[in-house]
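A, B, ... follow the sequence lines: proteins, then strands. Residue 1 opens every chain.
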Amino acid sequence: MQAFEYFQPKTVREAVQALHKHPKAMVLAGGTDLLVRMKDRVNRPPAVVDVKRLPRSDDLSYAGKTGLHIGAAVSMRQVELSSVAQSRFGAIAQGATFVGSIQIRNRATVIGNVCNAAPSADTAPGLIVHDAKVQIAGPKGRRTMTVEDFMKGPGKNDLKRGEFVLGIQVPAPKPRTGSAYVRHTPREAMDIAVVGVGASVTLSPKGICTAAGICLGAVAPVPLRATKAESILVGQKLTPGKIAQAALVASDEARPITDVRATAGFRREMVRVLTERMIKAASRAATPTRSRRAA
Amino acid sequence: MPNPSLNSVGKRVGRLNGPDIVTGRTLYADDIQLQEMLHGRVLRSPHAHALIRSIDTRKARKLPGVVDVITAEETDGLSILARKEVRYQGDKVAVVVAENPDIALDAVELIEVDYQVLGSATDPFEGIAPNAPVAVRGAKNEDVRDENGKRYRNVAARDEIVQGDVDAAFAKADAVVENIYRAPYWHQTYMEPNSCTAQAQPGGRVTLWTSCQGSFNIRSAVADALKIGEGRLRVVPLEMGGGFGAKNRLFCEAHAVFASIRTGRPVKILINREEEFLDGHPAPGCWVRLKTAARKDGSITAVEGRILWDGGIGGRNGNLARLVGPYNVPNIRLEGFGVRTNKPTPGAYRAPGAPQTAMARESNIDALAHKLGIDPIDIRLKNAVRKGDRTSGGVTLPHDWLANTIKAAAKEARWGKTGLKKNQGMGIACGDWQNGSGPTNAFIALSEDGSVQVLTGQVDITGLHTVMAQIVAEVLTVPVGKVTVQLGDTDKVPYTSLSAGSKAAYSAGTAARKAAEGARERLLQEAADILEAAPADLELKGGKVSVIGLPSRSVTVADVASSAMDSNDGPVTGQWIVGKIPTYPSYSVNIATVEVDPGTGRVHLLDLVAAQDVGRALNPMLVEGQIQGGATQSIAYGMMEGMIYDEEGRVRNANLLDYAIPTAPDMPDIRTVLVEEGCEHGPYGAKGVGEPPIIPGAAAVANAIYDAVGVRVTELPMTPERVVAALDQARED
Ligand SMILES: Cc1cc2nc3c(=O)[nH]c(=O)nc-3n(C[C@H](O)[C@H](O)[C@H](O)COP(=O)(O)OP(=O)(O)OC[C@H]3O[C@@H](n4cnc5c(N)ncnc54)[C@H](O)[C@@H]3O)c2cc1C
């Protein structure tokens with residue numbers, strides 16, 4: 001690794017200043033992406049700005065009005081173990097749980113995962129189906145945008161010079177909403193998604209789907225929202241036939257490539273299989289326990 | 001089955017160096033730090049095959065901190081660096097020697113090489129086509145022709161086995177199975193990438209510290225590469241972070257020695273994981289067409305086929321008889337090619353060539369069993385080599401070792417008695433392996449306090465030194481904790497062979513036993529003087545020598561050792577040099593239980609029973625560890641491992657992210673069964689146990705997948721994508 005200057009700002013202002021002053025500086029959270037790349041000489045930043053000492057950076061909290069707040073230093077492990085994340089944001093918690101190993105999850109942050117903008121980022125589909133927004137701080141002040149728009153392509157995000165991500169806000173889900181995430185990998189752990197699928201559904205008291213989110217990982221340059229498949233579900237009862245139809249449409253919407261992990265054709269097939277499974281899992285999670293027992 | 005009359009041998013003794021290893025105290029090759037030490041880094045070919053038009057090192061040489069840049073031109077006719085032609089991605093082009101590794105890496109990037117890219121061959125099947133690109137220019141190849149009389153390309157070696165009347169046997173067969181199997185290059189993926197440090201001494205000798213499986217082997221190889229006498233080199237082997245056969249051979253040792261001689265300073269070369277993949281010594285892949293015939297009663301009557309070994313630039317061939325395996329087959333027609341490809345020449349990986357061939361052989365036998373409606377266990381018992389049969393290794397078997405191992409595995413797995421659910425299945429496969437032997441040695445000396453020092457040249461790769469300590473403790477009737485085993489370098493001990501070929505414990509264990517018996521004799525002789533009795537009237541028991549029938553007239557081993565220091569014959573010692581010892585085959589049988597997810601093609605290994613005929617387990621815990629480790633590697637080859645090459649012949653997964661090896665959650669708790677029927681020549685009846693465990697796992701999984709979902713996957717690794725493809729194919733058929 002080459003030598004670099006290290007900053008550990010205590011305020012947002014200091015962080016913005018440090019980033020602005022060193023145009024090629026890189027932000028450091030858990031370092032599980034960045035340090036690996038620096039050791040491999042893929043990234044050679046002259047300066048590194050650590051965001052873990054910023055106020056509220058390790059805050060993971062939930063409020064009925066504003067929803068879930070995830071600070072810049074919140075680890076995957078925190079989210080994985082958070083009961084509110086597990087119960088209300090299943091797809092996000094499950095996504096966090098898939099990442100690496102326990103050691104990695106103790107270091108890796110959710111925001112680092114999003115900023116790193118890998119198409120296979122395991123927390124991205126969950127965040128996107130839950131309409132999460134990133135809060136950005138920069139020389140011109142603050143701004144917010146959806147995670148979906150923020151991720152621009154492999155390794156590319158919407159940050160401009162001097163900007164960094166302060167937090168992620170996930171709106172509180174409507175009643176009877178459930179979500180789930182799964183990925184396909186050749187091995188059980190320490191792998192990268194060949195395909196990842198996050199799904200969320202909101203049901204009416206009568207079991208009609210009133211809102212649906214489907215987001216596909218690793219089958220496009222960015223985590224891809226399968227909007228046509230979503231629209232097949234909305235206004236419908238989620239019968240096995242409808243779910244299978246939506247899954248088939250989702251596999252059409254995917255834009256996979258062939259690489260060392262899988263062929264495009266196999267990825268498309270996995271989108272179909274996993275989307276079907278995740279819609280079912282999300283609707284099970286959306287069904288209140290009582291009525292599920294009755295059914 | 002511990003032998004009750006033994007105190008140390010056969011016991012579950014933890015590795016004596018285990019605590020140091022797991023607490024990070026053990027010294028590994030890369031821990032060697034010397035004054036004024038320089039660091040070497042290698043510039044490697046980015047192309048699978050190219051001609052070098054020119055190399056410009058000027059910028060690299062000018063970089064502050066760079067001490068030397070070595071290209072072929074600087075090596076005076078040696079062939080340690082590519083001169084005109086690079087033959088695989090990762091082929092060494094230049095070595096930079098600098099004050100620190102970062103400067104060396106920066107300088108490597110500053111070297112400019114002008115390449116003229118050539119066509120490459122990375123697949124053995126495509127590589128032999130008469131119009132395939134030539135893999136290595138000017139290399140001598142065999143003149144082998146296809147059915148149209150056209151000469152095959154890149155065939156470096158060819159062999160055949162022809163026996164009986166194959167055509168008649170196929171004509172008369174009740175069932176015939178023919179399949180094509182493929183297996184990729186397979187890396188040993190030990191934890192410790194190779195590191196070596198060379199230090200040229202003022203007198204002209206050079207000391208080399210390296211992570212290796214045999215110091216003398218490395219010494220010969222460096223001497224050959226640099227055209228110097230072996231006596232100029234002292235090779236110091238260190239504790240190893242795994243080798244599995246790869247560290248039988250050189251990585252950058254010759255380059256470090258050469259650079260140290262040139263610069264007059266110590267030079268360390270550490271290679272990284274990517275370099276391990278590009279320029280290590282992985283196991284070869286292969287392409288196999290195999291046809292097997294059987295009669296109604298399950299007896300296998302004929303085997304016919306061809307194997308193309310993916311032989312790297314050396315065009316290495318493999319052992320053809322393994323396609324027949326441990327079965328009696330009367331009619332055989334097999335042909336094997338060693339095909340030159342644009343990859344590093346493959347090396348050994350635990351039972352070299354056996355897992356690949358077992359995949360083909362055991363899959364075919366399984367398919368025959370299903371066709372004939374015979375139980376896969378019964379068909380193997382029917383054809384297994386038995387007592388009195390002569391093996392392909394030329395041994396007449398004294399026992400039904402294989403059949404007994406199959407039965408032991410079936411019993412432990414409750415074959416045929418478990419309630420399997422939908423998409424679950426069980427599969428069996430067998431393997432055989434004959435271990436090697438010597439030369440090796442053991443030198444024993446007793447200290448005044450009764451502790452025992454053992455010196456050997458045999459590198460400890462999987463607990464050998466612990467086993468040697470157990471054996472010495474057994475013979476001298478002292479606690480294992482009183483024995484220490486030291487590894488001697490090439491200046492301290494006579495020529496010792498590799499720790500490979502399942503021979504270390506077999507041979508060095510024999511040396512330890514004989515050396516200890518020598519020491520025991522000396523001990524009794526000395527005690528006889530002290531106790532004023534004839535040596536024949538003495539017994540050694542529990543660390544004491546006493547007069548038989550008079551336990552009060554006794555003296556401790558420590559007292560004898562201590563008084564011997566002043567005696568006419570001197571200290572109590574013993575030594576033994578092993579040349580060769582006769583060896584026997586041993587057998588391993590795996591039974592895998594899997595569940596297949598037909599949607600994703602994911603295969604979950606639910607259970608694995610691994611039975612092995614081990615002769616006698618000198619240390620059951622270590623033997624079980626060997627079996628579990630070997631089985632895991634085989635399963636991994638079966639399910640996920642393999643090097644992937646692109647059209648330009650470049651490795652696409654030269655890292656441990658894209659080259660998948662299993663994690664703990666991928667493996668069940670492997671259930672081992674030790675079949676202990678003894679073996680005439682091994683120490684205390686032991687056989688070599690290191691290699692057999694890696695043979696049958698992949699094939700057992702293949703057969704279990706068939707049992708679960710009725711499709712046969714014939715290409716390794718059997719990835720989810722291949723399983724799904726096979727299921728799709730079956731649906732279409
Ligand atoms: C062994 C291993 C296994 C892994 N397994 C998985 C896996 O299963 N699934 C998966 O999705 N990923 C996996 N990863 C990748 C990585 O762990 C995740 O992407 C992780 O979430 C990154 O978070 P981090 O805090 O470590 O990020 P860092 O490495 O610190 O940063 C990642 C990138 O984001 C930028 N960045 C970080 N924080 C901010 C911020 N607040 N504002 C602006 N930019 C920022 C950095 O500059 C850098 O470019 C694995 C990595 C390793 C080493």
Given side chains that start at C-beta, do those of B:M640 and A:D191 come closer than 4.5 Å, heavy atoms only? no
How far apart are the closest heavy atoms of A:A189 and B:P665, and which atoms are they? CB-CG, 4.4 Å
Report which part of B:D106 has an atom under 4.5 Å of a heavy atom belonging to chain A: side chain, backbone, both, or neither. both
Rounded at 0.5 Å granularity, tell me how far CG in B:D597 sits from CZ in A:R277. 4.0 Å
Which atoms of B:L656 are under 4.5 Å from chain A, going by heavy atoms: the side chain, the backbone, both sets, or neither? backbone
Report yes if the side chains of A:R261 and B:N653 come closer than 4.5 Å at any heavy-atom pair, otherwise no. no
Shortest non-hydrogen pair, A:F266 vs B:T600, comes out as CZ-O, 3.6 Å
B:D666 side, atom CG; A:M190 side, atom CE - distance, nearest 0.5 Å: 11.5 Å
Give, as side chain, backbone, both or neither, the part of A:R44 having an atom under 4.5 angstrom from any heavy atom of chain B. side chain
Name the region of A:D40, side chain, backbone, both or neither, that has any atom closer than 4.5 Å to a heavy atom of chain B. neither
Do B:D102 and A:R41 have side-chain heavy atoms sitting under 4.5 Å apart? yes
Examine whether an atom of B:L657 lies under 4.5 Å from a heavy atom of chain A, and if so say whether it belongs to the side chain, the backbone or both; otherwise answer neither. both
Quick check against the 3.5 Å criterion: does B:E721 have a side-chain atom that pairs as donor or acceptor with the backbone of A:T263? yes
Could you tell me if the side chain of B:M639 sits less than 4.5 Å from the side chain of A:R187, heavy atoms only? no
Could you tell me which portion of A:R272 (side chain, backbone, both or neither) has an atom closer than 4.5 angstrom to a non-hydrogen atom of chain B? neither
Within a strict 4.5 Å, meaning less than it, do heavy atoms of the B:R602 and A:T185 side chains meet? yes
